[in-house]
Undergrad: 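Before I ask anything, let me first share the structure, which is written out below as structure tokens.
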Amino acid sequence: MRLATWNVNSVRAREERLLRWLQSSRPDIVCLQELKVTEDAFPMDELRTLGYHAAIHGQKTYNGVAILSRVEPADVERGFADGGDDAQARLVTVRVSGLRVASAYVPNGAEVGSDKWAYKLEWLKRLRQWLDRRVPRSEMFAVCGDFNVAPEPRDVCDPTAWEGTVLFHPEARRALDEVRAWGLVDSFRLHHDGPGFYSWWDYRMLAFPRNQGLRIDHVFLSEPLARRCTAATIDRNERKGKQPSDHAPVVVDLDV
DNA sequence: ATGGTTGCTTAGCAA
């Protein structure tokens with residue numbers, strides 16, 4: 001089974017590329033982030049033609065997440081449902097093919113010290129609490145998405161320059177560590193050790209051709225599922241060409 | 001400190 005995550009940065013702007021990529025990569029399950037549309041504007045008919053169902057948590061203009069799957073999903077859950085502020089559409093969860101899968105769009109945080117920064121740290125804390133409350137560690141579980149945090153120096157093109165920014169800040173890394181301490185395995189690092197692997201490159205300053213990126217998109221797996229992960233890749237090719245997203249898809253293969 | 005780019009929405013925000 002092939003599982004992928006991709007921040008498409010507007011599903012309308014990326015519709016053609018998304019459809020083309022689905023046909024070439026043939027994933028069974030795809031977590032999408034930054035749809036920037038409500039559910040009624042989601043290109044459901046086109047995706048159905050390619051054989052996908054979709055669980056959508058949409059929002060106008062900002063955010064918006066979805067999970068595409070070849071098998072019809074069950075138990076669709078939107079947001080944390082923890083009694084806190086769920087106004088921003090950043091989390092959707094399904095059960096499908098014996099797995100539980102979550103698509104997450106962690107807040108960017110704008111600027112260290114801002115309200116949005118506080119919201120980012122709080123959101124990661126709520127994600128850990130949600131895992132504690134809702135997901136048994138024995139489950140085959142994957143939480144995939146744009147975490148807007150690079151875990152380690154090897155995940156950053158220039159760690160010294162990026163140190164202390166919202167994407168590579170000690171507090172954000174600690175908050176992500178707390179999420180992972182639930183018992184999540186970074187699938188990409190099961191298969192690749194070195195630096196130089198990134199999933200996001202700024203549109204500006206020729207960041208992509210210079211490979212000045214960060215690895216902020218992740219597929220985190222529960223222990224039972226991590227044991228079945230046979231491959232993990234970042235599809236750099238999808239960042240090339242006309243009108244790419246600023247993020248590349250991350251793809252894992254699972255022996256399930 | 002600022003700028004560089006893209007997307008959504010209509011000059012400015014978010015990333």
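Order of the sequence lines fixes the chain letters, A, B, ..., with proteins taken first and strands second; residue numbering starts at 1 for each chain. Since the structure is predicted, the reported quantities are computational estimates derived from the model, not experimental observations.
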Undergrad: Of the listed nucleotides (B/dT6, B/dA15, B/dT9), which one gets closest to any side-chain atom of A/Tyr203?
TA: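 The nucleotide sitting nearest to the side chain is B/dT6.
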
Undergrad: With rounding to the closest Å, how many angstrom separate the P atoms on B/dT6 and B/dT2?
TA: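 Per the computed distance, 22 Å lies between those P atoms.
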
Undergrad: Indicate whether any N or O donor in one side chain lies under 3.5 Å from an N or O acceptor in the other, for A/Tyr52 and A/Asp28.
TA: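 Side-chain D/A pair, A/Tyr52 to A/Asp28: absent.
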
Undergrad: Pick the P atom in B/dA1 and in B/dT5, then give their distance to the nearest Å.
TA: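 After rounding to an integer number of Å, I get 22 Å for this pair.
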
Undergrad: Please report, rounded to the nearest Å, how far the C1' atom of B/dA14 is from the NZ atom of A/Lys60.
TA: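 Nearest whole value for this atom pair: 15 Å.
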
Undergrad: Rounded to whole Å, how long is the line connecting atom CD of A/Gln88 with atom C1' of B/dC13?
TA: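 Roughly 13 Å, once rounded to whole Å.
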
Undergrad: Do A/Gln33 and A/Ser103 meet the criterion of a side-chain donor-acceptor pair at a distance under 3.5 Å?
TA: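 Their side chains do contain a donor-acceptor pair, which is all the 3.5 Å distance test asks for.
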
Undergrad: So, do A/Leu32 and A/Ile56 sit near enough that their side-chain heavy atoms are less than 4.5 Å apart?
TA: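 A side-chain contact is absent here, since even the closest heavy-atom pair is not under 4.5 Å.
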
Undergrad: To the nearest angstrom, how far is A/Asp146 atom CG from B/dA15 atom P?
TA: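 So the two atoms are 10 Å apart, to the nearest Å.
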
Undergrad: Would you kindly give the CZ-to-P distance between A/Arg12 and B/dG7, to the nearest whole Å?
TA: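 The distance from CZ of A/Arg12 to P of B/dG7 comes to 12 Å, rounded to the nearest Å.
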
Undergrad: Would you measure the distance from the C1' atom in B/dG3 across to the matching atom in B/dA15 and give it in whole Å?
TA: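 Rounded to whole Å, the distance is 15 Å.
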
Undergrad: Less than 3.5 Å apart, any donor N or O on the side chain of A/Asp217 or A/Trp200 sitting next to an acceptor on the other?
TA: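 A/Trp200 and A/Asp217 do not have a side-chain donor-acceptor pair below 3.5 Å.
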
Undergrad: Look at the side chain of A/Arg90 and decide which nucleotide, out of B/dA14, B/dA15, B/dC8, has an atom nearest to it.
TA: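 When the side chain of A/Arg90 is considered, B/dA15 is the closest of B/dA14, B/dA15, B/dC8.
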
Undergrad: Between B/dT9, B/dT5, B/dA15, which one does the side chain of A/Lys116 approach most closely?
TA: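 Nearest to the side chain of A/Lys116 among the choices is B/dA15.
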
Undergrad: Rounded to whole Å, please give me the gap between CD in A/Gln59 and P in B/dA14.
TA: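 Between P of B/dA14 and CD of A/Gln59: 12 Å.
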
Undergrad: Between A/Met205 and A/Pro107, just flag the one whose closest nucleotide in DNA chain B comes earlier from the 5' side.
TA: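 Closest to the 5' end, via its nearest nucleotide, is A/Met205.
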
Undergrad: What is the distance, rounded to the nearest whole Å, between atom CZ of A/Arg204 and atom P of B/dT6?
TA: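 Going from A/Arg204 (CZ) to B/dT6 (P), I get 10 Å.
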
Undergrad: When the aromatic ring centroids of A/Phe147 and A/Phe220 are compared, is their separation below 6.0 Å?
TA: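 So the answer is yes for these two rings.
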
Undergrad: Once you round it to whole Å, what is the distance between P of B/dA15 and CG of A/Asn63?
TA: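 Distance, rounded to whole Å: 7 Å.
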
Undergrad: Pick the nucleotide of DNA chain B nearest each of A/His247 and A/Asn9; which residue has the one closer to the 5' end?
TA: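 With A/His247 and A/Asn9 compared, the 5'-side residue is A/Asn9.
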
Undergrad: Please work out if A/Phe208 contacts a base, only the sugar-phosphate, or nothing of the nucleic acid, heavy-atom cut-off 4.0 Å.
TA: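 No contact at all - A/Phe208 keeps every heavy atom at 4.0 Å or more from the nucleic acid.
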
Undergrad: If you measure from the C1' atom in B/dA14 to the same atom in B/dG4, how many Å do you get, rounded?
TA: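 Pairwise C1' distance, B/dA14 against B/dG4, rounds to 15 Å.
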
Undergrad: Between P on B/dC8 and NZ on A/Lys36, what's the gap in Å once rounded to a whole number?
TA: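 To the nearest whole Å, that distance equals 6 Å.
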
